[in-house]
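Just so you know, ligand 1 is whichever comes first in the structure, and atom 1 is the first atom listed for that ligand.
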Amino acid sequence: MYRLYWKRATGAFAPNCVLAEAGAPHERVLVDVAAGEHHGSEYLKLNPRGQIPALVLPDGTVMTESLAIVLQLCDSFPEAGLLPAPGSSRRARCLRWMTFGAVDLYEADLRFSYAERYTVDPAGVEGVREAGRLAVERDWRLIEAALGETEQHEGEGPFLLGGRFTAADIHLAMLGGWHHDIPAFLEASPRAARLMRAVAARPAIAPLWRDYYGHKPAIAGFGEASAS
Ligand SMILES: N[C@@H](CCC(=O)N[C@@H](CS)C(=O)NCC(=O)O)C(=O)O
């Protein structure tokens, strides 16, 4: 049995979706961030960085880092087919954009949302926030272009690999749900918007979409939309 420590609108979404898509037996533990539980001694034993998610594997091994968790779960449940074959160019495409999302876009989102943590100069906070915002906008333009390339080579989406759904789509949909201006983002990034709708509407994911994004009016209903 896997144990996932989660909270809505966090990086627990992607591992949670992979567990659900793979049909992996798991339990979830909701972390009470408002009460500071993620900085309490019990949680810090799991993730000394005090961040969500954390996953405990069936043998007791503790994992943190959302992308690493997703890759580990995809390896553990190959029959779920959530990544193309190792060494294939399609897998390379998935790994490229998942890593970009985890390293560049995720961090840009954090700089925008928690700007005060990225400078020791109080006068610099707004500058950090604005740089984070600009990086988020730039990164989504790059992802939108990558989805456009898919259309040229593999036909209509909705996914990064055209008609084939992968863990990379879960990862991109998760990041899209965190955008600081979702209505403007959906309008500027129609391919990303279509991908998010298609991911959210998957039967295994729709209930999770409600858990993680049901509080965001602009995207709350995506889990109810038909995948198209
Ligand atoms: N690199 C980490 C980042 C995790 C992270 O920043 N988690 C956020 C939620 S999305 C968090 O726990 N924030 C609470 C805090 O930092 O106080 C990962 O991918 O798992």
Can you name the atoms of ligand 1, numbered from 1 with element, that are less than 4.0 Å from a heavy atom of [X]?
X: G11; answer: 10 (S)
X: L110; answer: 6 (O)
X: P53; answer: 20 (O)

Quick check: [Y] with [X] (ring centres under 6.0 Å apart)?
X: H180; Y: F112; result: yes
X: W6; Y: Y212; result: yes
X: F185; Y: H179; result: yes

As a check for students: among [options], identify the option with a heavy atom nearest to [atom].
atom: atom 5 (C) of ligand 1; options: Y106, Y5, W6; value: Y106
atom: atom 11 (C) of ligand 1; options: V33, I52, V70, V31; value: I52
atom: atom 16 (O) of ligand 1; options: R49, R117, Q51, E107; value: R117

Can you tell me the protein heavy atom closest to [atom] and the distance?
atom: atom 20 (O) of ligand 1; value: S66 N, 2.9 Å
atom: atom 1 (N) of ligand 1; value: E65 OE1, 2.6 Å
atom: atom 13 (N) of ligand 1; value: Y114 OH, 4.1 Å
atom: atom 14 (C) of ligand 1; value: H38 CD2, 3.9 Å

Main-chain N/O of L30 paired to K7 side chain as donor or acceptor, under 3.5 Å: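 Absent.
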
Please say yes or no: joined through hydrophobic side-chain contacts below 4.5 Å, possibly via intermediate residues, are L195 and Y213 part of one cluster?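 As far as the 4.5 Å side-chain criterion goes, Y213 and L195 are connected within one cluster.
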
Do L73 and V199 sit in the same hydrophobic cluster, where Ile, Leu, Val, Met, Phe, Trp and Tyr count as joined when their side-chain heavy atoms come under 4.5 Å apart?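 Yes; V199 is reachable from L73 via cluster members.
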
Considering residues at least two apart in sequence or located in another chain, which fulfil the side chain to side chain contact (heavy atoms under 4.5 Å, CB included) criterion with V125?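 Once residues adjacent in sequence are excluded, the partners of V125 under the side chain to side chain contact (heavy atoms under 4.5 Å, CB included) criterion are A115, E116, T119, R129.
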
